[in-house]
Amino acid sequence: MASTQENDDKKPETTITLKSSDGEVFEVPESAAVLSYTIKNMVEDGREGDVISLEQVDGKTLSWVVAYLKKRAVDPFSEKDKDEFDTEFFSDKDVNSLFDIGNAANYLNIKELLDMSITKIVNLRRMFDENFWLESTFKPEEEAETRRPEH
């Protein structure tokens with residue numbers, strides 16, 4: 001369902017209603033919602049008056065995605081600001097949350113959010129691998145054997 005909100009210029013801004021797979025409803029300014037190419041295509045196809053059901057995204061994950069979209073739509077970012085926002089945005093997310101965000105970003109076609117979530121997952125994996133090898137109980141010759149490329 002689309003409605004209007006007033007922005008700083010007193011012009012009404014259309015809002016898009018998004019519904020998660022578990023029934024949570026989010027009112028999102030259109031300027032933020034259309035940063036998702038999936039939602040943008042739905043709006044362009046004339047669905048802006050409808051509630052847009054996102055059956056592949058649960059409410060908790062959608063709340064994070066909506067917060068991300070709102071921030072990106074409102075604030076012009078310098079590269080430094082973007083890095084700070086990204087660090088803060090992902091700071092409290094565990095690996096399962098990162099996968100959920102990545103899956104939602106993929107489904108909603110939000111490339112930058114997908115790329116960032118994948119980067120965070122890869123970095124966590126690297127940390128895990130490094131810590132695993134540091135804490136390994138292998139003898140040095142056994143560890144060297146496991147690291148040797150197969151022929």
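Computation of the quantities below employed the complete heavy-atom set of this structure, encompassing side-chain atoms and omitting hydrogens, waters and symmetry-equivalent molecules.
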*Heavy-atom closest pair, residues G102 and S117*: CA-OG, 3.2 Å
*Checking N103 side chain against F99 main chain: does a donor-acceptor pair fall under 3.5 Å?*
yes
_Salt bridge present between K93 and D86 (N-O < 4.0 angstrom)_ = no
*Same cluster for F89 and L124 if Ile/Leu/Val/Met/Phe/Trp/Tyr side chains link at under 4.5 Å?*
yes
_Check whether T15 reaches the backbone of E27 with its side chain - one donor and one acceptor, N or O, closer than 3.5 Å._
no
*To the nearest 0.5 Å, what is the distance between CG (D58) and CG (D22)?*
5.5 Å
*With the 4.5 Å side-chain cut-off for hydrophobic clustering, are V65 and V95 part of the same group?*
yes
*Which heavy atom of V28 sits nearest a heavy atom of L18, and at what distance?*
CG2-CD1, 3.8 Å
*Could you tell me which non-hydrogen atom of A73 sits nearest to which non-hydrogen atom of S31, and how far apart they are?*
CB-O, 3.7 Å
*Taking side chain as C-beta onward, heavy atoms only, is I110 less than 4.5 Å from L35?*
no
*For D115 and K111, work out which heavy atoms get closest and say how close.*
OD2-NZ, 2.6 Å
*asked:* Which heavy atom of T61 sits nearest to which heavy atom of A104, and what is that distance?
replied: CG2-CB, 3.7 Å
*Atom pair CD1/CG of I118 and L113 - distance to nearest 0.5 Å*: 10.0 Å
*With distance as the sole criterion, is a donor-acceptor pair present between the side chains of S97 and D100 under 3.5 Å?*
no
_Within this structure, what is the CD1-CG distance for the pair I52 and L108, rounded to the nearest 0.5 Å?_
10.0 Å
*How many angstroms lie between atom CZ of F90 and atom CD1 of I121, to the nearest 0.5 angstrom?*
8.5 Å
*Same cluster for L54 and L114 if Ile/Leu/Val/Met/Phe/Trp/Tyr side chains link at under 4.5 Å?*
no
*Take R72 and F85 through the test side-chain contact (heavy atoms from CB on, under 4.5 Å) and record every step on the way to the result.*
CA-CA 10 Å; R72 289 300 165 111; F85 172 73; 3.4 Å; yes
*Say whether E55 and S21, considering side chains only, have a donor N or O and an acceptor N or O under 3.5 Å apart.*
no
*Can you find a pair of side-chain heavy atoms, one from Y68 and one from M116, that are under 4.5 Å apart?*
yes
*Can you name the nearest heavy-atom pair linking I16 to E30, along with the distance?*
CG1-CA, 3.9 Å
